[in-house]
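Working notes, structure below.
Throughout, protein chains are lettered first and strands after them, A, B, ... in sequence-line order, and every chain is numbered starting at 1. Everything numeric in this text was worked out from a predicted model, so none of it was measured.
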Number of protein chains: 2
Amino acid sequence: MITIKEIAARLGMSTTTVSNVIHGKTREVSAETIERVQKFLEEVEYVPNINARNLAQGQSKIIGVVLKSLDFRLWHSSNILNDPFVSEMIGGIESAVREAGYYMMLYISDDIAEIIQRISIWNVDGLILFCMMDDDGNRVAAKYHKPMVCIDTYSSEKKDDFVNVGLDDEKSTCEAVNYLIDNGHRKIGFVTDNRVGVDRARFWGYRKALAEAGIEYSDRDFFLLEPAEEAHGRNIEKLCRRARDYTALFCCSDIYAAIMMSALKERGLRVPEDISIIGFDDNLFSRVCTPRLTTVHQDADRKGRVAVQTLIGMITGKAPATKKIRLETRLVIRDSVRKIE
Amino acid sequence: MITIKEIAARLGMSTTTVSNVIHGKTREVSAETIERVQKFLEEVEYVPNINARNLAQGQSKIIGVVLKSLDFRLWHSSNILNDPFVSEMIGGIESAVREAGYYMMLYISDDIAEIIQRISIWNVDGLILFCMMDDDGNRVAAKYHKPMVCIDTYSSEKKDDFVNVGLDDEKSTCEAVNYLIDNGHRKIGFVTDNRVGVDRARFWGYRKALAEAGIEYSDRDFFLLEPAEEAHGRNIEKLCRRARDYTALFCCSDIYAAIMMSALKERGLRVPEDISIIGFDDNLFSRVCTPRLTTVHQDADRKGRVAVQTLIGMITGKAPATKKIRLETRLVIRDSVRKIE
DNA sequence: TGCCGGGATGGAAGCGCTTACATGAATCTG
DNA sequence: CAGATTCATGTAAGCGCTTCCATCCCGGCA
């Protein structure tokens, strides 16, 4: 690896001059010198040592992306990336980070302390935090004074002071459940694997829709997919048995919808003839299951990109117009809901 | 951020001593000094500046993970992470990297030159390369003299000189197709979206199985999912029409299997009654589609972990026992293949 | 007593880069 | 034409850390 010093020596000039042309300070260097240096740089395929640069500049050009996995001890997998929603979002983040000339460092952990430790070491310029757990956003923000934007993070505290991009989960869900109600459904179950964050907001949307339609809610209407691996079989068996009392299920993600649909069909229930199902996310699952899933569409890729753009704005000194950035959703109607006459 | 210098000053000692205790050089420092320093470090929550450290040591502690996306201009998505196989593998890599005390930097790009550029900048200690394109492994290795291990990378050149972890794709596929043949199938199609790398190896396995059973192969048996977005509809329509002449399809991934299954069922064909389907990977898709998919199981998480372990071995000066590391597969029999009497 | 060895500590260079500031030449202004 | 201004380039300090080497002290040994 050739260094700036070496280049300067070979060209018979100072490192300052070389550095200046590298940084495009055209008014400090004569045109011919620029030309000469640039040609030489290409010739030797100069690559800067970014550690040295960062040390000198006190920055890092790294954006830390934190996935708190504990919250996502998913029913179907211990790997948070296996959720297509997450992987698509990461894809969006990665592209946006790259296009902005930054680098992305990915941290997956269930321990916020460990994460902060690892991030601090690299002195990242900013942070994207994806964790559903209440108040982790606040906790990290309090500890770590760098630009940060959260994705899909809710807070139960009054003074949540982090920038957050997400959806209006309550409203989206309310609309979806209203769609079921409009189609004549009255016995509607709510399927999730947790009681926090996004899913809780969706739960309240579900409750709101029921209430507005004068449908009473009972705890039995809450279908909890349990994460414990060994309980899968029994858990799903029990849920399917309970589902027979319902004409429709709202599922907090397409994965759950696909899992439930598959399990119900295996036990002889027909979708949507016997039971209607509605999902959330609109990822590939919703298109390859049979029947194709009616679901709430959101743009995960865009969610990631918006988070990055907002963050980089903050890094470069631009406060976001609003702290709660909300993306649009829309109900995509396919074949998994039937109309009850 | 407190620095070593500051700490040394506050403690009335030299930076050398502080550095020594940080690095656990116990024989260079007296027990009581160690004690004092450690206590102080904790007190002020010292975090090293890794840029400075790396600069001084000429290392980086970063493992670069490169996904070459062009090869994966997937039929169903432009985001390579959306393939559950990939996301699970990344999950494995991430865990292994973290557990080994390294950091992971993820690069997704379709341009090898750009990737090398970005990697060189960070002076990564080693590289994990995931790209199906022939010979990219060789090209990167020739250009970039750092430890590197490829995943699922094939080479058409004689002198492929990179370490590679993958499967015996040919054998795995051969076994799967033999299973179809044993079940009485003679008209067996091969479904993929490309003609390179892993899928080509699988193709030869498929051909081998046919040949051994005395079944003639014709180009018509090759079902190509075309990536071009606008052609999806027509493409899938045509494939489904052609599929009516077959009693079974071998698909190079569970995703393709799920997509084909869904499309076929939409057009009134029953799986497996009218047509049997077999997939590859054994990811979540295979379990939530109906009927549940018979598929070749591989352990993507392990693939990632093995790659990392091998790489770190190389970084620390341990050559791998073999350059071609092959993981096991096994056929998982579920419900998507029927026996023809 | 004088010398040696080793344990504990410190001094200082250097990793590759950026940047504030200095220098000197050329150009401009009234 | 003196002084001010601009342009082009160089000098050197410093970013925070590691590490080679020097120094000093003390006990052991002949």
Touch class at under 4.0 angstrom, heavy-atom based, for A/Met1 against every strand present: nothing
Of B/Ser14 and B/Ala52, the one whose closest DNA chain C nucleotide lies more 5': B/Ser14
First of B/Thr33 and A/Arg53 reached from the 5' end of DNA chain C, by closest nucleotide: B/Thr33
Atom CD of B/Glu35 with >12 non-hydrogen neighbours under 6.0 angstrom: no
Closest nucleotide among D/dG10, C/dT18, C/dA8 to the B/Ser30 side chain: C/dA8
Expressed in angstrom and rounded to an integer, what is the separation of [X] atom [atom1] from [N] atom [atom2]?
X        : N      : atom1 : atom2 : value
A/Leu11  : D/dA8  : CG    : C1'   : 15 Å
B/Ile2   : D/dC17 : CD1   : C1'   : 15 Å
A/Ile22  : C/dG16 : CD1   : C1'   : 11 Å
B/Asn49  : C/dC17 : CG    : C1'   : 14 Å
A/Gln59  : C/dG16 : CD    : P     : 19 Å
B/Ile4   : D/dG16 : CD1   : C1'   : 8 Å
A/Asn123 : D/dG16 : CG    : P     : 10 Å
A/Lys5   : C/dG14 : NZ    : P     : 8 Å

Separation of B/Arg36 CZ from B/Met13 CE (nearest 0.5 Å): 4.0 Å
Atom pair CD1 (A/Ile50) and CD (A/Gln59), whose distance is rounded to the nearest 0.5 Å: 7.5 Å
Any side-chain donor near an acceptor of the partner, A/Thr153 and A/Asn164, under 3.5 Å: no
A/Ser19 side chain to A/Thr16 side chain, donor-acceptor N/O pair below 3.5 angstrom: no
Nucleic acid footprint by protein, nucleotides 19-28 of chain D - heavy-atom cut-off 4.0 Å, B for base, S for sugar-phosphate alone: BB--------
Test applied, side chain to side chain donor-acceptor pair (under 3.5 Å); reference residue, A/Ser60; option that passes from A/Asn54, A/Asn123, A/Asp125: A/Asp125
Plane angle bin for B/Tyr103 and A/Tyr107 - parallel if under 30°, tilted between 30 and 60°, otherwise perpendicular: perpendicular
